[in-house]
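Labels below follow one simple rule: chain letters A, B, ... track the order of the sequence lines, proteins then strands, and each chain is numbered from 1.
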Protein chains: 2
Amino acid sequence: MSQDPAPDRKPTISDVAALAGVSRAVASRALSSEPRPVAAGKRQRVLEAAQQLGFTPNLLARSLTTRSVNLVAIIVNHIHDLSDLDLFDLLLSEIQTLGKQVILLRVGSVDRVEDFLRSGIAWHVDAVLVFSDFADAATVRRMFDTGMTLMLNGRGDAQSPAVLADEASGIAEAVAHAAARGVRDVVLVTGRATSSVEAVRIDCYRAAFAQHGLRLLQTLQGDYSYDSGHAAGSSLFDAGEPDAVFCTSDAMAMGILDVHRASFTDGRPTRFRLYGFDDLSLTHFDAYPVASIGYAKRDYVREILKILADPGCFSPGMPPVRVPTRFVPRSSAG
Amino acid sequence: MSQDPAPDRKPTISDVAALAGVSRAVASRALSSEPRPVAAGKRQRVLEAAQQLGFTPNLLARSLTTRSVNLVAIIVNHIHDLSDLDLFDLLLSEIQTLGKQVILLRVGSVDRVEDFLRSGIAWHVDAVLVFSDFADAATVRRMFDTGMTLMLNGRGDAQSPAVLADEASGIAEAVAHAAARGVRDVVLVTGRATSSVEAVRIDCYRAAFAQHGLRLLQTLQGDYSYDSGHAAGSSLFDAGEPDAVFCTSDAMAMGILDVHRASFTDGRPTRFRLYGFDDLSLTHFDAYPVASIGYAKRDYVREILKILADPGCFSPGMPPVRVPTRFVPRSSAG
DNA sequence: CTGTTAGCGCATTCAT
DNA sequence: ATGAATGCGCTAACAG
């Protein structure tokens, strides 16, 4: 009981209760966001007392009993995992709208990831959004004291909800676009196929090529980066002259574009058509008019938030939510 | 006392103590990272018991008494405030190395910022890194229950430590570079001067122009973005032909470069020299060889971490830590 | 060096 | 509808 609230100490709910002349329990109920039974008069007095004292509930103490911190973790390998900043900006903003705050975990260079995660508040978050492919769903579930692990990295399982881009649709559109323009021979520039997402992506391209009777002259391997695209650019014609080059990231396409800028006039191809992937906002810059494949960020974020806001909407066994990708024509593809 | 640890409940320190046959206090001390007096034998037993039970301390409970959560908040307006991703990536990584986790707050679109901050765990963080210019030091201190608010937005005061780029050095170098190449007439493209950082930056340019006897034909105002640079590009020659154009952001310089790409051959100027600001990693892309001004990100992060790791090293009244900027020549400046 | 005790601030029984 | 009492899991203060 705080008969004499120390001037330097932050007011607690006991102080509020004392000032309002009620018990702590009543004060707690009156201050609760949930509608709990409290006499109207007392509720009023409690609210006024809280106001007057500048009372702020201690959320650490609260979470001790409620077992909820209103915190969600976002796990990335590096910052660049969020292939586009606009996506992350939107995601962060929307999560905050839910009244939750975001703790950002970069596991790229952490040696003992599990220890690192366990020894921080992140262990107690209400939900985990996994962009990094550092672990599969089962491992992630073991690493956090939460039932809600949202797999966005393609390594999910039936126990955890997942939201994934449906890459097939966009890739099919892009390849059809090329085929319709008379493309016959193509080159594919990929990232490392260690991530399952990339493996799927590559399969989609292969299938689409086969369907349209396109000939795959060669497959070059990069690491999604601009520099690796630049490097791939040098060996682009090693296996013959392609009519089109498909890249599994915009950054690599930009590297290639820069190596072969002479083959483009006003961004339009004279030697081969160029297709990227991700629909980076950067492709709006004049110098990199890279035709790309992407999904509506707003839809993607909406699906994530739907699950975050109402975890009950997912039950084990449900398939991943799919957000369709679409082909985004730009001059590099003619 | 947990005589019979429920199988579904996570083991607490009481369980560990019981299994090890010691009191909770001893278990607590043995598990502490600080070196506390415990008999070697008991410490061993406690550690084994913890191991065996898979005990993980509840940091929320711990922080309730220690009043420290090992959490630092980073406040930005939008994600793009971290003008370069590489900086943020490094910063995040280094903070984690300190054993702290990062909660990222985007206050850009939040209506009642103060309420938002108070109603989340962020209120309890150990330190706050303020990149956003949404508030001055005094306000920020009121918004968090922490003594450690690190001002990185130029709105600091004597009570809080600050780390700032010393823009003068780099700007002086850039302008000197231009003057040495015979530049006489210049145009300045700025962001909104509402932020004090931008105001300082503009003053530096003006002073440097005056010192070298350069004539400022006109000042165009953008908002740091590529699009605003693009827009400014159209009115570049309204007040005469400049020999050089200085921009207070690389993005704006890139917009201008794209509007006037015909005036550059292989990135080198034929009509006017172009200078940016920020030294974005993007300027390594061939298409945007923008000469720029920047600081060593590693130094900047190191200064921040120095303060974070040892808050005692700052005492009220100390001036901001200054990280020098340098001119980074690239072909756009000839 | 060790065990007992008393909180940290809050939500939640369970009687009334 | 209310209040007294209990517990969340842990650390700190105090005796021994």
Side-chain angles (χ1 to χ4, degrees), chain A residues 1-3 5-6 8-46 49-50 53-70 118-119 121 123-124 145, chain B residues 1-3 5-6 8-46 49-50 53-70 118-119 121 123-124 145:
Chain A
M1 201 60 58
S2 316
Q3 300 287 17
D8 60 334
R9 200 174 48 71
K10 311 210 85 76
T12 75
I13 201 169
S14 289
D15 300 322
V16 175
L19 180 58
V22 301
S23 73
R24 272 161 42 199
V26 168
S28 174
R29 285 194 283 263
L31 260 13
S32 170
S33 58
E34 310 286 301
R36 301 207 192 279
V38 179
K42 296 199 176 186
R43 157 170 289 127
Q44 188 57 29
R45 293 215 312 274
V46 169
L53 258 36
F55 168 73
T56 308
N58 183 325
L59 291 115
L60 293 169
R62 170 183 292 174
S63 59
L64 200 54
T65 63
T66 62
R67 305 188 160 287
S68 159
V69 280
N70 266 9
R118 288 224 172 176
S119 60
I121 292 295
W123 167 260
H124 299 282
D145 183 26
Chain B
M1 200 60 58
S2 318
Q3 299 288 17
D8 61 335
R9 200 174 47 71
K10 310 210 85 73
T12 74
I13 201 170
S14 289
D15 299 323
V16 174
L19 181 58
V22 300
S23 74
R24 274 163 40 198
V26 168
S28 173
R29 285 194 282 262
L31 261 11
S32 170
S33 58
E34 310 286 301
R36 301 210 193 275
V38 181
K42 297 199 175 185
R43 158 170 289 129
Q44 188 57 29
R45 295 217 310 276
V46 169
L53 259 36
F55 168 74
T56 307
N58 183 326
L59 290 111
L60 294 167
R62 171 183 294 173
S63 58
L64 201 54
T65 63
T66 62
R67 303 187 165 288
S68 158
V69 280
N70 265 10
R118 289 226 172 174
S119 61
I121 292 295
W123 167 260
H124 299 281
D145 183 25

Are any side-chain N or O atoms of Arg45(A) and backbone N or O atoms of Ala20(A), one a donor and one an acceptor, separated by less than 3.5 Å? yes

Taking any atom under 4.0 angstrom from a heavy atom of chain A, which nucleotides of DNA chain C are the first and last to qualify, 5' to 3'? dG9(C) to dT12(C)

Student check: side-chain heavy atoms of Val69(B) and Leu60(A) closer than 4.5 Å: yes

Does some side-chain heavy atom of Thr56(A) sit less than 4.5 Å from a side-chain heavy atom of Lys10(A)? no

NZ-OG distance between Lys42(A) and Ser23(A), expressed to the nearest 0.5 angstrom: 7.5 Å

Measure the CD1-CZ distance between Ile121(B) and Arg62(A) for me, rounded to the nearest 0.5 Å. 9.5 Å

Non-hydrogen side-chain atoms of Leu59(B) and Asn70(B) separated by less than 4.5 Å: no

Value for CZ (Arg24(A)) from CZ (Arg29(A)), rounded to nearest 0.5 Å, stands at 12.0 Å

In whole angstrom, what separates Asp145(A)'s CG from dC8(D)'s P? 15 Å

Assign a letter to each nucleotide of nucleotides 9-16 of chain D from its 5' end: B, base within under 4.0 Å of a protein heavy atom; S, sugar-phosphate only; -, no contact. BBBBB---

Between Asn58(B) and Thr12(B), is any pair of side-chain heavy atoms under 4.5 Å apart? no

